[in-house]
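What you see is a predicted model; the values in this text were computed from it and never measured.
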Amino acid sequence: MGRLIHSFRGYVRIRVWGYSPERFLNLCGNKGILLWGIENHGESYEMYVSIKGFFCLRPIVKKTKTRVAVLNRYGLPFFVPKIKKRSVFAAGLLGCLIFLQIMSQFIWTIDFTGNITLTDDVLLDFLETRQIVCGMAKKDLKPEELERDIRKNFDLVTWTSARIEGTKLVIQIKENTHPNPDEYETGDMGGMDLTADKKGRIVNMITRSGVPRVKIGDDVEEGQLLVSGAVPVYNEDATVKEYLLCRADADIYLQCDCRYQQKIPIHYLTKNYTGREKKIPYLRVGSREWKLPVSEPDYLKKDCVVKEKQAALLQNLFLPIAVGNCQYREYVIEERNHSKEQAKELCGEFLDEILEGFRQKGVQIIRKDVTIKKDSVNYILTADFTVVEKTGTLVVTQTEQPLPAKEQEMTAEE
């Protein structure tokens with residue numbers, strides 16, 4: 001704080017030498033003149049003193065028969081006159097500050113975190129439909145409404161957070177890849193049945209609500225009713241009086257066979273880069289882009305890799321300015337053959353993806369049979385599995401309520 005005050009008022013660095021510099025220092029202390037940063041250089045002393053204190057040194061210098069020389073000047077009183085002489089610099093500095101102040105009122109970049117299934121492009125397209133784009137004013141953004149819209153329009157999103165950091169909009173998302181049955185709509189009738197989503201044999205079953213329609217050991221088909229959401233209430237004569245509708249809930253594990261097949265072509269086309277390439281730098285300001293007046297290379301076949309870096313003064317203070325380059329690379333198409341080892345490696349990668357999918361779903365593998373065959377065109381991977389996995393898909397209950405006894409009698413008479 002003291003240094004800031006000294007800079008605002010101005011101060012100088014001086015050198016004192018002569019008959020009695022030590023007496024000079026003592027008299028300055030007696031007169032209340034503040035000296036700091038004192039350094040002894042043998043026959044002389046160097047120190048800092050405020051502008052006001054410097055103009056009080058004349059009688060002390062005469063009395064101690066010393067000499068004083070100014071080495072450097074610091075602070076605002078010495079800086080302002082220089083700025084006045086450099087009006088263009090001052091105007092540029094002021095304009096830069098105004099520009100930064102104006103630019104900081106807008107959003108210039110959007111960052112997503114936590115999204116896996118939903119890609120950035122999908123989310124950006126959704127934001128565009130809500131007029132949330134780079135270049136919009138911060139005051140026009142309502143984070144609470146944006147969070148509600150994302151959760152409402154994407155069933156996978158269970159939690160989201162939107163906040164502004166500098167000129168960056170940060171949207172955090174949490175996805176739920178295993179929806180809770182409670183999230184399903186029960187429909188107008190309020191009941192939900194549980195049906196099989198594939199063919200197999202039931203090996204374990206625990207029912208929490210609803211009426212089981214199958215038992216352990218039964219073979220079921222895809223779409224078959226497993227647990228009914230219509231619970232019957234009986235009359236004294238054992239006829240159904242009515243159905244109480246509920247959401248069927250059960251853990252049903254199915255043993256089923258599944259087959260995966262992947263074909264890897266023996267002959268395939270690939271890009272072989274020749275090493276010839278050309279870069280064309282460009283500058284982007286907002287939505288406008290300027291490239292150097294250089295023509296694109298006339299390669300017969302080429303691809304383009306764009307690298308861009310957005311300007312940022314601080315960690316989160318981005319500007320609508322970006323510098324990048326377009327890198328054109330020449331290539332030729334070549335026909336190659338997969339060797340047996342390469343085919344096995346590719347098949348192994350495909351098999352690892354299948355096993356990882358099983359692991360994430362909690363599927364138990366009972367039997368695994370993998371074969372790789374070769375015909376005239378392809379290497380063919382065939383993977384047969386016998387697995388135990390949880391099954392059950394909720395559908396709206398279609399059971400109709402029975403007619404009252406009087407209506408049944410009238411219908412019988414007609």
Side-chain angles (χ1 to χ4, degrees), residues 114-123 154-156 173 175-179 181 194-205 214 216-224 226 251-275 301-305 329-395:
N115 56 310
I116 301 175
T117 305
L118 298 174
T119 63
D120 289 357
D121 291 335
V122 171
L123 293 171
F154 298 100
D155 295 334
L156 285 175
I173 289 175
E175 298 178 353
N176 181 16
T177 56
H178 302 285
L194 203 60
T195 61
D197 49 24
K198 60 179 58 179
K199 179 181 178 181
R201 174 172 294 177
I202 297 176
V203 295
N204 194 8
M205 182 174 180
V214 292
I216 296 176
D218 287 354
D219 293 326
V220 298
E221 300 291 332
E222 182 178 354
Q224 182 176 337
L226 303 177
D251 291 333
I252 303 174
Y253 291 89
L254 205 65
Q255 178 178 313
C256 55
D257 298 324
C258 53
R259 167 172 287 192
Y260 295 87
Q261 197 170 69
Q262 176 74 0
K263 293 182 179 180
I264 299 173
I266 298 175
H267 310 287
Y268 67 98
L269 299 178
T270 184
K271 294 180 181 179
N272 183 22
Y273 292 95
T274 63
K301 291 184 179 296
K302 62 180 181 291
D303 58 16
C304 180
V305 178
R329 302 181 299 174
E330 183 186 35
Y331 66 87
V332 294
I333 300 295
E334 291 185 353
E335 182 176 343
R336 295 182 182 178
N337 296 333
H338 278 124
S339 65
K340 187 175 181 180
E341 290 72 18
Q342 290 176 328
K344 286 184 177 180
E345 184 177 351
L346 293 174
C347 290
E349 293 176 359
F350 175 71
L351 187 60
D352 289 341
E353 292 179 3
I354 298 173
L355 296 177
E356 178 63 19
F358 284 159
R359 186 189 67 80
Q360 292 181 357
K361 294 178 181 178
V363 176
Q364 178 185 356
I365 300 175
I366 297 178
R367 183 184 64 87
K368 178 176 68 174
D369 184 15
V370 180
T371 59
I372 300 177
K373 296 182 180 180
K374 178 183 177 182
D375 59 17
S376 59
V377 181
N378 300 303
Y379 289 98
I380 303 174
L381 167 70
T382 303
D384 292 311
F385 296 94
T386 299
V387 299
V388 174
E389 61 180 311
K390 189 175 181 180
T391 188
T393 301
L394 286 171
V395 297

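Put simply, CD1 on I202 and CD1 on I252 are 5.5 Å apart, with the number rounded to the nearest 0.5 Å. Between atom OG1 of residue T270 and atom CD of residue E335 there is a gap of 11.5 Å, rounded to the nearest 0.5 Å. M205 CE to L226 CG: the interatomic distance, rounded to the nearest 0.5 Å, is 6.5 Å. Atom NZ in K199 sits 8.0 Å away from atom CG in D219 (nearest 0.5 Å). In this structure, the separation between CD on E349 and CD1 on I264 is 8.5 Å, given to the nearest 0.5 Å. Note that the CD1 atom of I365 and the CZ atom of R359 stand 11.5 Å from one another [nearest 0.5 Å].
The aromatic rings of Y260 and F385 stand perpendicular to each other, their planes meeting at an angle above 60°, with 30° marking the opposite boundary.
Counting only heavy atoms from C-beta outward, the side chains of Y379 and L346 never approach each other to under 4.5 Å. Side-chain contact check for E175 versus N115: some heavy-atom pair is nearer than 4.5 Å. With a 4.5 Å cut-off on side-chain heavy atoms, P265 and V377 do not count as touching. Annotation: side chain of F154 is not in contact with side chain of T117 (no heavy-atom distance under 4.5 Å). In this structure, the side chains of L156 and I173 stay at 4.5 Å or more apart for every pair of heavy atoms.
Judged by distance alone, the side chains of N204 and D251 never bring a donor and an acceptor atom under 3.5 Å apart.
By the side chain to side chain donor-acceptor pair (under 3.5 Å) test, N337 is found to be paired with H267, residues two or more places apart in sequence or in another chain being considered. Residues satisfying the side chain to side chain contact (heavy atoms under 4.5 Å, CB included) criterion with L381, sequence neighbours excluded, are Q262, C347, F350, V370, I372. In terms of the side chain to side chain contact (heavy atoms under 4.5 Å, CB included) criterion, residue partners of R259 (sequence neighbours excluded) are, by chain and number, T382, D384.
Across every non-hydrogen atom of R336 and E334, the tightest pair is NH2-OE1, 3.4 Å. The shortest heavy-atom contact between G200 and C256 is CA-CB, 4.1 Å. In this structure, V387 and C258 approach most closely via the heavy-atom pair CG2-SG, 4.4 Å. What you find for E330 and T274 is that their closest heavy atoms are OE1-OG1, 2.8 Å. Between A383 and L351 the shortest heavy-atom distance is CB-CD1, 4.2 Å.
Annotation for E345: atom CD does not count as buried by contact number, only 12 or fewer foreign heavy atoms lying within 6.0 Å. No more than 12 heavy atoms of other residues, nucleotides or ligands lie within 6.0 Å of NZ in K198, so this atom counts as exposed by the packing criterion. Shown here is K263, whose NZ atom has no more than 12 heavy atoms of other residues, nucleotides or ligands within 6.0 Å. Other residues, nucleotides and ligands contribute over 12 non-hydrogen atoms within 6.0 Å of the CD1 atom of I333.
A salt bridge does not link K344 with E341: every distance from a Lys NZ or Arg NE/NH1/NH2 to an Asp or Glu carboxylate oxygen is 4.0 Å or more.
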Subject >> From CA spacing to verdict: side chain to side chain contact (heavy atoms under 4.5 Å, CB included), V388, L254 >> reply: CA-CA 5 Å; V388 174; L254 205 65; over 6 Å; no
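Here the side chain of T391 pairs no donor or acceptor atom with the backbone of A196 at under 3.5 angstrom.
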